[in-house]
Q: 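I'd like to ask some things about the structure below.
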Amino acid sequence: MASSEEDSTVEEKENNKRGIGTVARTWLIFYNIAMTTGWLVLAIAMIRFYMQKGSHKGLYRSIQKTLKYFQTFALLELVHCLIGIVHTSMLVTGVQVSSRIFMVWFITQSIKQIQNEESVILFLVIWTMTEITRYSYYTFNLLNHLPYFIKWARYTLFIILYPVGVVGELLTIYAALPYVQKSGMYSLRLPNKYNVSFDYYYFLLIVMASYIPLFPQLYFHMLRQRRKVLHGEVIVEKDD
Ligand SMILES: CCCCCCCCCCCCC[C@@H](O)CC(=O)SCCNC(=O)CCNC(=O)[C@H](O)C(C)(C)COP(=O)(O)OP(=O)(O)OC[C@H]1O[C@@H](n2cnc3c(N)ncnc32)[C@H](O)[C@@H]1OP(=O)(O)O
């Protein structure tokens, strides 16, 4: 009896340390386990596909449903941030999540002709490695049983994976450009009843250019997190 009271006090102290209650903590454990499982399922599906077919052609088509579900669920990360159950920047999370959603729904899913590009497989593999590590890190951390190698992997692998993932994404958008230009998809030409014009082709060029100022912000954010978590440095974050 005394020991279970002690256990719950330890748990309460841990929750207080993180500044979240038991309900929020339970939800986050469930969410992170679900996301780890989702990305593991994707990893296994990709490996099985490649082993059976010996080619990446058709791989995206075979995993698209799972990818769409789990990447779209990541929108909940903005909600977590908004309601204050995770202590992270809304801006950084917003850029990260929206760029992924955009890649899945408005590029790879919308433009079938590019689904067999090597660059699609590149970013898929990189995202999968990242997310398995990231969500398992959060899960073990919330359970207060965090193996050091997962912590190390979470705050080290991104050094290589992040830029490689960005290369995969940019090459994919680049491959989409001719199809977008030819089809005029998602574009609005004048004259029309709203009297506005929108050219998706030029929008994609702007998106590609926006990686130049935005990606370093994410990368340096992660480097600061790394110094804080792996080296215990006290970092005073600017209010972003
Ligand atoms: C509309 C068109 C838009 C187009 C925009 C174009 C702009 C393009 C520029 C952007 C390029 C992005 C490209 C990207 O997609 C490429 C890749 O991802 S490649 C793969 C490599 N990527 C990575 O390694 C980064 C992965 N992403 C992240 O890590 C996060 O998304 C990020 C928001 C970047 C950083 O995370 P965060 O600030 O949350 O850092 P921490 O993980 O250290 O967490 C901070 C604290 O919050 C707690 N936390 C966060 N999430 C959870 C959770 N789910 N459950 C529990 N706890 C959570 C965490 O524990 C920390 O708490 P504490 O400090 O108390 O320990």
Side-chain angles (χ1 to χ4, degrees), residues 1-48 63 66-67 69-90 92-94 96-97 100 124-162 164-165 218-237:
M1 183 66 188
S3 138
S4 85
E5 270 171 22
E6 272 167 27
D7 283 353
S8 64
T9 317
V10 170
E11 193 176 306
E12 268 165 33
K13 274 188 190 154
E14 271 304 322
N15 287 349
N16 289 342
K17 201 174 77 185
R18 291 180 208 288
I20 57 171
T22 310
V23 176
R25 186 166 174 269
T26 309
W27 160 251
L28 284 176
I29 292 171
F30 170 79
Y31 171 78
N32 289 309
I33 290 177
M35 294 301 267
T36 311
T37 311
W39 286 94
L40 270 171
V41 167
L42 262 172
I44 294 166
M46 288 198 275
I47 294 168
R48 279 185 57 181
I63 55 99
T66 320
L67 174 72
Y69 274 123
F70 286 95
Q71 190 51 64
T72 308
F73 279 146
L75 279 171
L76 284 173
E77 269 152 58
L78 290 172
V79 178
H80 297 160
C81 204
L82 204 66
I83 60 178
I85 61 172
V86 298
H87 299 128
T88 180
S89 150
M90 185 77 186
V92 174
T93 309
Q96 172 72 42
V97 174
R100 290 276 192 93
L124 279 182
V125 170
I126 298 285
W127 287 10
T128 307
M129 289 169 70
T130 302
E131 300 305 40
I132 292 170
T133 319
R134 186 164 78 96
Y135 290 116
S136 47
Y137 165 80
Y138 295 143
T139 307
F140 287 116
N141 198 23
L142 284 161
L143 294 170
N144 300 318
H145 286 288
L146 179 63
Y148 182 77
F149 80 91
I150 292 189
K151 180 169 158 177
W152 178 88
R154 159 67 182 136
Y155 290 104
T156 305
L157 295 183
F158 80 89
I159 295 172
I160 300 291
L161 296 183
Y162 229 167
V164 179
L218 299 187
Y219 197 70
F220 285 114
H221 169 81
M222 286 303 297
L223 286 174
R224 280 195 297 274
Q225 287 298 95
R226 181 176 202 274
R227 291 209 305 274
K228 187 176 97 177
V229 179
L230 293 187
H231 304 294
E233 282 182 32
V234 180
I235 312 252
V236 182
E237 287 266 356

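Keep in mind that the numbers below use all heavy atoms, side chains included, and drop hydrogens, waters and symmetry copies. The structure displayed is predicted, hence computed values, not measured ones.
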Q: Quick one: does Thr93's side chain have a donor or acceptor within less than 3.5 Å of a partner on Met90's backbone?
A: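 Pair absent, no side-chain N/O of Thr93 close to backbone of Met90.
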Q: For Ile33, give me all partners under side chain to side chain contact (heavy atoms under 4.5 Å, CB included), at least two apart in sequence or on another chain.
A: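 In terms of side chain to side chain contact (heavy atoms under 4.5 Å, CB included), with neighbours along the sequence ignored, Ile33 is linked to Ile29, Thr37, Thr139.
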Q: Taking side chain to side chain contact (heavy atoms under 4.5 Å, CB included) as the definition, give me every residue that meets it alongside Leu75, ordered by chain and number, with sequence neighbours left out.
A: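 Leu75 satisfies side chain to side chain contact (heavy atoms under 4.5 Å, CB included) with Thr72, Leu78, Val97, Ile101 once adjacent residues are dropped.
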Q: For Thr26, what residues pass the side chain to side chain contact (heavy atoms under 4.5 Å, CB included) criterion, not counting sequence neighbours?
A: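 Testing Thr26 for side chain to side chain contact (heavy atoms under 4.5 Å, CB included), a comparison that skips the adjacent residues, returns Thr22.
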Q: To check you understand the geometry: which heavy-atom pair defines the closest contact between Cys81 and Ser89, and what is its length?
A: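 Heavy atoms only, the tightest pair is SG-C, 3.8 Å.
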Q: Does the ring center of Phe149 lie less than 6.0 Å from the ring center of Trp152?
A: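 No: the rings miss the under 6.0 Å criterion.
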Q: Indicate yes or no for a side-chain donor-acceptor contact from Asn32 to the backbone of Leu28 under 3.5 Å, with no hydrogens or angles considered.
A: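 Yes, the answer is positive, given that a donor and an acceptor are paired below the 3.5 Å cut-off.
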Q: Might you confirm whether atom CD1 of Ile160 has over 12 heavy atoms from other residues, nucleotides or ligands at distances under 6.0 Å?
A: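 Not buried by this count: 12 neighbours or fewer within 6.0 Å.
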Q: Once you round to the nearest 0.5 Å, how far does CZ of Arg134 lie from CE of Met35?
A: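 It is 7.5 Å, given to the nearest 0.5 Å.
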Q: Donor-acceptor pair, distance only, cut-off 3.5 Å: does the side chain of Tyr137 make one with the backbone of Ile132?
A: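 No, because the side chain of Tyr137 does not come within donor-acceptor range (under 3.5 Å) of the backbone of Ile132.
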Q: Rounded to the nearest 0.5 Å, how far does CD1 of Ile47 lie from CG of Leu42?
A: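 Answer for the CG-CD1 pair, Leu42 versus Ile47, is 11.0 Å.
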Q: Which heavy atom of Arg25 sits nearest a heavy atom of Asn144, and at what distance?
A: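 Scanning both residues, the minimum pair turns out to be NH2-ND2, 3.5 Å.
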Q: List for me each residue that meets side chain to side chain donor-acceptor pair (under 3.5 Å) alongside Tyr31, sequence neighbours excluded, and say none if there are none.
A: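 Listed in chain order: Glu77.
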Q: For the side chain to side chain contact (heavy atoms under 4.5 Å, CB included) test, which of Leu223, Leu218, Thr130, Ile126 pairs with Phe158?
A: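 Testing each of Leu223, Leu218, Thr130, Ile126 against Phe158, the sole residue satisfying side chain to side chain contact (heavy atoms under 4.5 Å, CB included) is Leu223.
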Q: Any salt bridge (Lys or Arg N to Asp or Glu O under 4.0 Å) pairs touching residues 80-89, not counting sequence neighbours?
A: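 Those involving residues 80-89 do not exist here.
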Q: Start with the C-alpha gap between Ile159 and Tyr219, add the side-chain angles, then the distance that decides, and say whether side chain to side chain contact (heavy atoms under 4.5 Å, CB included) holds.
A: CA-CA 8 Å; Ile159 295 172; Tyr219 197 70; 3.4 Å; yes
Q: Under the salt bridge (Lys or Arg N to Asp or Glu O under 4.0 Å) rule, what pairs show up with a residue in residues 147-156, not counting sequence neighbours?
A: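 Qualifying pairs: none.
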Q: Suppose we screen for ring pair (Phe, Tyr, Trp, His ring centres under 6.0 Å). Which residues come up paired with Phe140, at least two apart in sequence or across chains?
A: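 In terms of ring pair (Phe, Tyr, Trp, His ring centres under 6.0 Å), with neighbours along the sequence ignored, Phe140 is linked to no residue.
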Q: So, using ring pair (Phe, Tyr, Trp, His ring centres under 6.0 Å) as the criterion, who are the partners of Phe220 when residues are at least two apart?
A: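 Here no residue qualifies.
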Q: Within this structure, what is the CE-CG distance for the pair Met129 and Leu157, rounded to the nearest 0.5 Å?
A: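 One finds 6.5 Å between CE of Met129 and CG of Leu157.
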Q: Could you tell me whether the side chain of Arg226 and the main chain of Tyr155 form a donor-acceptor pair under 3.5 Å?
A: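 Judged by distance alone, yes, a pair lies under 3.5 Å.
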Q: Check the surroundings of atom NE2 in His145: do more than 12 heavy atoms from other residues, nucleotides or ligands lie under 6.0 Å from it?
A: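 Result for NE2/His145: open.
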Q: Take the angle between the ring planes of Trp27 and Phe30 and call it parallel below 30°, perpendicular above 60°, tilted in between.
A: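 Rings of Trp27 and Phe30: tilted, 30 to 60°.
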Q: If the condition is side chain to side chain donor-acceptor pair (under 3.5 Å), which residues does Tyr162 pass it with, not counting sequence neighbours?
A: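 Side chain to side chain donor-acceptor pair (under 3.5 Å) list for Tyr162, sorted by chain: Gln96.
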Q: For Met46, what residues pass the side chain to side chain contact (heavy atoms under 4.5 Å, CB included) criterion, not counting sequence neighbours?
A: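 Here the qualifying residues are Leu59, Ile63, Leu124, Thr128.
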Q: Does Phe70 have any ring pair (Phe, Tyr, Trp, His ring centres under 6.0 Å) partners at least two apart in sequence or in another chain, and if so, which?
A: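 Checked Phe70 against ring pair (Phe, Tyr, Trp, His ring centres under 6.0 Å); matches are Phe73.
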Q: Going by the rule salt bridge (charged side-chain N to carboxylate O under 4.0 Å, His left out), which residues pair with Arg100 if we only count those two or more places apart in sequence or in a different chain?
A: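 With neighbours one apart ignored, the set is Glu131.
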